Every structure is written in C-alpha cells, then in structure tokens.
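This structure is a prediction, so every number in the text was calculated from the model and none was measured. Convention: sequence-line order gives letters A, B, ...; per-chain numbering from 1.
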Amino acid sequence: MTDLTLTMKYRPNQRVDMSPITCDKLAGLELAEIAAIELQNGKRKIRVDDLFSLTGSDVCNIHIENSFAKLDYIGHGLEGGNIRVTGDVGAYLAMEMRSGQITVSGNTGIYAACQMKNGLLQVIGNVGDFLGGALSGNKKGLQGGTVIIRGNAGDRVGDHMRRGMVMIEGDAGDYCGSRMTAGTIAVMGKTGRNIGYGMRRGTLLLWQQPKIPATFGDCGTHTFSFLPMVFDAISKFDSKFSDSSKHFNRVHRYGGDMAEIGQGEILVQVDSA
Amino acid sequence: MIINGVMIDHTFAEAFPMKATRVIITAQTEQWAFNAAKSMTGFATSVIGCGCEADIECFLKPSETPDGRPGVSAMLFTMGAKSLVKQLETRAGQSVLTSPTSALFSGIDGGIRIPLGKNLRYFGDGFQTSKVINDNRYWRIPVMDGEFLVEETTGQVNAIGGGNLLILAESEADALEACEKAVLEMRKVANIILPFPGGVVRSGSKVGSKYPALTASTNDAFCPTLKGITKSELSPEIESVMEIVIDGLTEADIKKAMKVGIETFCSIGAYNGVKRISAGNYGGKLGPYHFHLQEIMND
C-alpha cells in the first residue's frame, strides 16, 4: 500500500481549510469518497479532486505535494498517522493535534502547533507568530508533544504554553515564552525583545544570551542534573538538538516573570571553557 | 544430599508475599550516592522492628543512571502497600533529600505507581518546579547546595521476602568466613537484597515467645549453646549457625540467589568447617513460598 498522495493542481486565490484531510478522518474511505470531500475555499467549497490529483491509498500516511502558504489547518486534531507536506503551509498547522507526526519541508504561517496536545511536529523552514500558542481568548497553548523548528520562529512563541517541548534551531522573535504556564522552549539562535513576558512557570533554554527583562531576577550560575536528561530525551529526534557537542548542564538562571508568579526561568548556556 | 562433604538438609525456606520498590540514587560521586543509599536503607533489617527491609542492590555506572552520574540501586520491601509508601517517603525525605548533590529516581516500572517526590516536593515551599521528560514527571526542589531532582513516582510490585539459608559450621570463624564469601557472590544476583548487616543474621528467630508481648524470639533449636537443654537441630560438632535472609522480586530471583549461596558454601567444603546447610521454616504455615534446598540444587 502506497502513501495517499495529494498533489496540488493549481494555487487558488482564497485560503483552503484542510482540516478534513487527516489520517483518522479518512480512515475507511475509498479514494473516490476522499476525492468527493469538500474543502472550504474562501466563501465557497471545492472538491478535493478539484484541487489535488490523488494517488495511493494508505490514509495512515498522507503526503501533500506542491503545498503553498494558503493551505490552513493541515493536520487539525490529528489522531495518529503521518502527514508529510512538501512546500509551504498556511496557518494553524497541527492545531489541536492529539497524536501522530507531521513534517513540513517549507515554511508555515501563524499559529503552528496551536493548542496542540501531543504528537510530533517538524518544520524544516521558518514558522510564523504564535508557534505553540493559544487562540485569542484561550488560556491553553501547546499542551504536550514535541515541536521541532529547523528555521526561525516568529513572535510570541509558546504564548500560554502549558506543557510540551518546543525546539527552535534558529532564532525566535519577540515575546518568546510570553504568558507561558509550563513546558520547555529551547532556542539555539537569538531571541527578541521582552523574552518571558508574563511567564508564570516553565523553562526557556537558550544557547545565546538574550536581553533579560527587568522583571526577571538573576539567580546566578548553576549546574543542573535535569538538563542532561532533557538533552537525552530530545536526542532521538533528527535535529541539531541531538548533537551532543551542543549539550550543556551549566547555565545562568534568571527567575521570573516577577510581575507574574515568578516561577518561570530563563536558562542560558554558560561556556564551560 | 551431600556436596563436598557439606550436608544439605531435606528442608525448605519458607517465604511470604511482600510489596517492593526500587529506587536509583545518584550523586556527584559514587561515594555520595552510596552515603545517601546507606542512610536510606539503614535500620531496615526486618519488618518486625524496622517497618521495612531494605538494602543496596548494586552500584550503577554513569551510563546506567537517568542523569548520567554515578548511582546506587536500592530496594525496599514491606508487608503491605501502605507501609511501603510511608517508609519510602520518610526515608527518601530524611536520607536522600538531605544528602549533598543527590538525585532520586524510580528504578522499577510495572505494578502500581506510588509517590516518590510527589509529596517531597512541598519541601520546596512553593519554589519547586516540575519537568516532564519522556512522559515522566520530575520535581526540582531548590535546596541549599543547588537543586534536588526527584522523580514523581516509582513502581510498587509484588515481591517475596524471607528466603533464607542457614549455615551450620564447626566454629564461629568458619561460619562467618563462609557467609562473607556467600554474600559476596549472592549480591551479584539481580533483583534481590540481603537486608541484614553485611547480609548475615546471627539471631534467627522463631515465631512466638514465652513472653506474651513478643511475637518472635530466639530460634533455640539452632542455638549451639542450648544443644543439651532444648530440642536442638544441631549435632555435637556444630558450634555456630548463621543465616542469610533474601528478599527478592520473584521466586526465580530468590532461587537463583539461594543456589549461588549453597554452591559457595559447598565449594568451601566440610574440610573448612562448613558442615551443614539448612533453612528456616514454620512448617509451611506462615508463607506460601517454599524453597526446597535440594530441589534448588537439582534444578
């Protein structure tokens, strides 16, 4: 059985809601039934086979080819299975995903991994704002699982994040870890202004010194035995984070945000040399 | 059965069900992991008076521990689940939390999960934080030397306590030397502990006493100084008897340890004072697990 492959025929002007195309929702459907599914496209609906040519039949492994930045809600609420995307994707990638794996070869729009509950999301390119965040008005962003970004991330990474692990190989924008309740965000590159803004709990693990906000307290330099365990846990993923030469257990700790309950922390790698 | 001049009695060790857990203690050095583990498993020879039976199981290399530091594996056994939870928490709190550079992890999966750091975390007075790593929650409790890392729960499994061997020797020195050698070999067996000091007991007990307040008293049938005045199990040449008690996770583990012990005693031989090997039992009335010495050697 070969992967169910959806190859995009053309790029519509309006955005497309891809939420009906997940492994669990397609389970048990024949190819003709999948082709007949209607996707919201702007204010109208279009059939899947109008937009994509379909091959293969394994709905547990979906491959979307020639994707572009107006395909929203890919992997929405995914419960098991594997979605592989070649190209860019739109907003709300892996929103409320519960399990399974999504890999995107290009860039994503805003709200990737929004309110995601579990599973693995990997993006080879860059991601927009609110990675792992919560929708406006909601209080729970990323609630579990692992997010790996090979490129850069926009502003507000992990806004209201509650649990889980976000790893960014590149840079992160402003307000990284804002209003974070728990979990871990690791950033190898640079971070923007107002890091940890309104952070309640959780860990921001950084390879480069950020500009520390005034509402974070300097707790000094420490060696933590939990860090090797964190690195060991993430070493199984295909990313720079599995490179042991980039691992450390000695960090400078900043506690905050003291304007909130102050139980969060920014841990910055200390060069042991 | 006689091996190398050592008579193996046609009898059995009687053991009973217990609840057990295993924890892994790590520290900056093996010595400090040992210090914490020794304290945690201290005063834990017998459930009769200590509330639990505990001992260090083995030392662990950094590559074998969760945080990559030197470690020690320790096991605790109790008669019931509630007492295991209480003993574990008290001992972890007083002996491991307090020990410099230590960290404490679950050493066993399966069974049901019982608190390890789940309540200890409140020592952090609100400054404690948790981290979920590989689906396990760990608590980071700020302490004066830095941070105490402790896994939230550990596993509680059904286990067996009270496996035992009695060695009957021509002299106290012969008995002790043989026991030391046997303990050394038996401790290489996984999933067992020998909870008494140095792994050896010199005061084996029988059930009951002439004094109503006591539930156990000296095993007079095996006391060499009482040979002439009680219903003794000892022949004239026996001058000293010592016991090795074994708690283990499974019957197979205890059998394996007992076999290693018997083989060691037999290899020392009758020429070196080891005359007989026996075992303690209560006529089969106390525990459902019967470890027949001769059957173990024939397996």
Which heavy atom of F291(B) sits nearest a heavy atom of A15(B), and at what distance? CE1-CB, 3.6 Å
F105(B), part contacting chain A, at a heavy-atom distance under 4.5 Å: side chain
Parallel, tilted or perpendicular: rings of Y111(A) and Y92(A) (30°, 60°): parallel
Would you please classify the geometry between the F248(A) ring and the F231(A) ring as parallel, tilted or perpendicular, with 30° and 60° separating the classes? perpendicular
Y122(B)-W139(B) aromatic ring centre distance below 6.0 Å: no
Side chain from CB out, backbone as N, CA, C, O: work out which of these in F224(A) comes under 4.5 Å of a heavy atom of chain B, or both, or neither. side chain
Residue part contacting chain B, namely of T146(A), when any heavy atom lies under 4.5 Å: neither
I'd like to know which of G68(B), S130(B), P66(B), G146(B) tops the heavy-atom pair count under 4.5 Å against chain A. P66(B)
